[in-house]
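So you know, we letter chains A, B, ... as the sequences are listed, proteins then strands, and number each from 1.
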Protein chains: 2
Amino acid sequence: MKTGKHPRQISARAPTLDDVARTAGLSSMTVSRALNTPQLVRPATVAKVMAAVTATGYIPNALAGGLASSRSRLIALVVPQINNPMFVDTIQALNDALAQRGYTLLLCVTGYSETAEADTVATILSRRPDGIVLTGIHHTQTLKRVIMQAAVPVVEIWDMTPTPLDMLVGFSHEKAGNCLGHFLAQKGYSRPALIWTDDRRGRQRKQGVIASFHQHGITISAESSVPLPASLQLGREALAALLDSGTSCDVIVCSSDTLAQGAIMEAQARQLSVPQQLAVSGFGDLAFAAWNQPAITTVHIDRAAIGHRAATLLADSIAGLTIAEPIIDIGFTMVERDSA
Amino acid sequence: MKTGKHPRQISARAPTLDDVARTAGLSSMTVSRALNTPQLVRPATVAKVMAAVTATGYIPNALAGGLASSRSRLIALVVPQINNPMFVDTIQALNDALAQRGYTLLLCVTGYSETAEADTVATILSRRPDGIVLTGIHHTQTLKRVIMQAAVPVVEIWDMTPTPLDMLVGFSHEKAGNCLGHFLAQKGYSRPALIWTDDRRGRQRKQGVIASFHQHGITISAESSVPLPASLQLGREALAALLDSGTSCDVIVCSSDTLAQGAIMEAQARQLSVPQQLAVSGFGDLAFAAWNQPAITTVHIDRAAIGHRAATLLADSIAGLTIAEPIIDIGFTMVERDSA
DNA sequence: TTGTAAGCGTTATCAC
DNA sequence: GTGATAACGCTTACAA
């Protein structure tokens with residue numbers, strides 16, 4: 001009747017539930033039950049169904065199933081970018097936890113622009129996901145309205161606010177910045193310079209850093225703003241520019257470990273010993289931070305935990321459970337190593 | 001009639017095509033056409049439809065659309081892991097190119113095990129994707145059979161074979177290894193040691209390296225096998241073990257830039273100058289390779305091109321175009337820098 | 001425990 | 001150019 005659209009293949013239409021039912025000598029409803037709720041079907045019948053499934057090579061059509069049940073078992077993940085070492089561990093953990101519960105991830109990359117995010121949402125919602133994971137807490141009004149209207153469980157991640165759209169897993173970037181600033185000030189650094197990416201969460205951390213230094217009567221000596229994505233190259237170049245412009249500083253506070261690694265490398269290339277002549281701090285505690293030479297003093301974020309807990313929250317919410325704590329602060333940990 | 005399953009929301013069912021049709025005073029079929037093929041509908045009618053869409057807040061149901069049209073506009077991506085700096089750029093490029101054409105990525109992570117891949121495939125196919133991207137060319141028989149049966153366009157990526165399932169974008173790892181080996185041998189290195197991850201494509205590259213050294217009458221001095229995922233730590237530790245065991249070598253050939261960076265760092269920690277006392281080579285040309293100190297001699301792979309071309313192949317194939325070149329070798333480039 | 005009937009929200013097809 | 005009708009393949013709800 002219908003032939004595959006793919007030229008390389010001559011195949012009849014895929015077997016349906018009815019085909020399985022026919023070969024099993026049962027009704028399609030019984031087959032459906034045997035597949036989805038076998039405990040409601042006599043074992044012998046289940047066995048017959050399984051045999052028929054194998055015989056026909058049946059693969060359920062989730063499009064039809066989702067339409068009928070209005071449960072798609074799809075979770076939409078909205079991230080600014082995937083090639084970001086920070087997010088990628090969260091995504092992996094999220095995916096693993098979700099896959100285990102039978103959900104599949106729909107990947108939606110917005111590229112750090114809010115308008116694109118709003119656009120994306122229509123695309124996402126058209127897929128009728130059972131849940132949505134949104135990176136960050138700043139969204140356009142349209143997005144908020146449309147999402148709330150859709151009545152889909154939502155988890156915002158990687159940030160903190162008392163008023164999330166629905167649920168939230170993250171931490172306060174301002175507090176993390178604060179913690180880092182205090183730590184460095186208390187270690188005696190008094191002429192800090194910043195190498196920073198200008199994204200929203202980065203800016204919050206920066207405010208935290210600056211505020212805490214101020215509390216110690218310290219002002220920022222200089223600041224270098226670098227574009228996203230952060231890289232070793234940008235870290236090196238930023239420090240080079242800072243040093244060449246004659247900035248006097250004793251610690252370089254970087255908005256990420258990657259920038260810190262670059263800054264350290266540039267310092268070493270200039271025969272500056274780290275941390276003796278110039279200290280450097282990072283953020284994120286990426287895998288290399290502990291093994292860099294010198295090991296990078298940084299702020300540890302449990303990136304996988306964000307993904308894992310977001311998955312749990314979402315799955316529970318979809319299951320209709322009451323979420324006792326819809327706001328989860330996973331916090332952060334100051335990690336003192338050798339670079340500062 | 002039906003209430004949202006999400007407790008926080010009291011919302012009626014989402015507006016359907018019929019709702020839009022009713023408010024616009026048209027048939028649902030006309031609304032569908034106005035949305036999908038506006039050129040077949042009178043402009044005035046299209047305008048009426050658009051107004052009704054806005055008024056109702058209509059968002060199409062892709063589940064229903066996909067079921068009816070048997071086009072899901074979903075592309076399934078199967079990768080061993082996302083938190084791999086090699087794949088992640090490919091994924092990003094693939095996603096971007098696909099999103100532009102109206103496709104959404106379904107993310108399926110298999111974790112380097114072939115059996116898991118076979119399992120995953122049922123999950124994937126149940127979603128009725130319009131196309132599938134498979135990482136690698138080694139799959140279980142079941143997977144091959146099931147996929148071919150599904151008559152879905154498939155692109156295998158990141159490898160090379162004259163007999164792909166369907167289409168292919170990648171390069172020969174063996175040749176890449178060969179090229180690297182020749183390069184190093186010709187530079188005069190004669191006592192190579194290997195630091196290598198034991199994945200399938202890595203093994204192929206290793207064979208290439210070993211074979212080309214052999215052609216120059218050189219045998220591998222020593223080899224350290226490290227688990228996945230590669231990391232700076234593993235690179236350091238592997239070199240440390242190699243050196244501590246008294247291995248005599250003049251170049252460390254690493255299966256990835258990440259390992260190379262670690263090896264370089266360990267060498268420097270031991271006051272060994274790179275490349276004078278010990279040379280190190282990597283693979284992949286990750287962003288940091290060019291800016292490392294010393295810059296890493298490596299093999300460049302255009303990772304984004306793999307994703308981009310895979311997307312084009314898939315989209316064309318879905319569109320019913322005849323694919324002139326279903327096998328695309330994107331090749332590789334030897335990049336001589338300072339570390340070897 | 002199994003079966004029947006009626007949707008789910010779209011699009012294909014054919015008629016007007 | 002627009003509309004009526006019948007799928008698409010499954011699940012819900014109810015009957016047996």
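- Contact between the side-chain N/O atoms of Ser27(B) and the OP1/OP2 oxygens of dA4(D) is not found at any separation under 4.0 Å.
- The side chain of Ser70(B) contributes no N or O atom lying less than 4.0 Å from OP1 or OP2 of dC8(D).
- Rounded to whole Å, the distance from CZ on Arg71(A) to P on dT11(D) is 9 Å.
- Across the interface with DNA chain D, nearest-nucleotide mapping of Met29(A) and Val41(B) shows Val41(B) to be the residue nearer the 5′ end.
- When the nearest nucleotides of DNA chain C are assigned to Ala68(A) and Val46(A) by heavy-atom distance, the more 5′-ward of the two goes with Val46(A).
- Nucleotide dG9(D) holds its P atom 17 Å from the CZ atom of Arg127(B), rounded to whole Å.
- In this entry the distance linking CG of Leu125(A) with P of dG9(C) reads 15 Å, nearest Å.
- Remark: of the listed residues Leu143(A), Ile157(A), Asp159(A), Val121(A), Leu143(A) is the sole one forming a side-chain contact (heavy atoms from CB on, under 4.5 Å) with Leu134(A).
- Of the listed nucleotides (dC10(D), dT10(C), dT11(D)), dC10(D) has the atom at the smallest distance from the side chain of Tyr58(A).
- In this structure, Ile137(B) and Met160(B) approach most closely via the heavy-atom pair CD1-O, 3.5 Å.
- When the side-chain nitrogen and oxygen atoms of Thr45(A) are compared with OP1 and OP2 of dT2(C), one or more of them lie within a distance under 4.0 Å.
- Atom CG in Asn36(B) sits roughly 16 Å away from atom C1' in dT13(C) (whole-Å rounding).
- What separates CZ of Arg13(B) from P of dT10(C) is a distance of 10 Å, to the nearest Å.
- For the pair Gln39(B) and Arg128(B), nearest-nucleotide mapping onto DNA chain D gives the more 5' position to Gln39(B).
- Listed candidates were dG3(D), dT10(C), dT2(C). Nearest to the side chain of Thr16(B) is dT10(C).
- Distance Leu17(B) CG to dA7(D) P: 20 Å, rounded to the nearest Å.
- If you measure from atom CG of Leu67(A) to atom P of dC8(D), you get 14 Å, rounded to the nearest angstrom.
- Under a 3.5 Å cut-off, the side chain of Gln92(A) and the backbone N or O of Asn83(B) do form a donor-acceptor pair.
- Taking atom CG of residue Leu63(B) and atom P of nucleotide dA7(D), one finds them 22 Å apart after rounding to whole Å.
- In terms of phosphate contacts, Asn61(A) brings no side-chain nitrogen or oxygen within less than 4.0 Å of OP1 or OP2 of dC8(D).
- Distance check, rounded to the nearest 0.5 Å: CG of Leu17(B) to CG of Asn61(B) gives 10.0 Å.
- Comparing atom distances between the Leu26(B) side chain and each of dG3(D), dT1(C), dG3(C) picks out dG3(D) as nearest.
- Although no hydrogens or angles enter the test, the distance criterion places no donor-acceptor pair under 3.5 Å between the side chain of Thr37(A) and the main chain of Gln39(A).
- Taking side-chain N and O atoms only, Arg33(A) has no distance below 4.0 Å to OP1 or OP2 of dT2(C).
- For Ala64(B), whose side chain is taken as the heavy atoms from C-beta onward, the closest listed nucleotide among dT2(C), dT2(D), dG9(C) is dG9(C).
- Dashed line: the shortest gap from a side-chain N or O of Arg73(B) to OP1 or OP2 of dT10(C) is not under 4.0 Å.
- In this structure, His308(B) and Ala97(B) approach most closely via the heavy-atom pair CD2-CB, 4.0 Å.
- Checking the phosphate oxygens (OP1, OP2) of dC10(D), no side-chain nitrogen or oxygen of Ser32(A) falls inside 4.0 Å.
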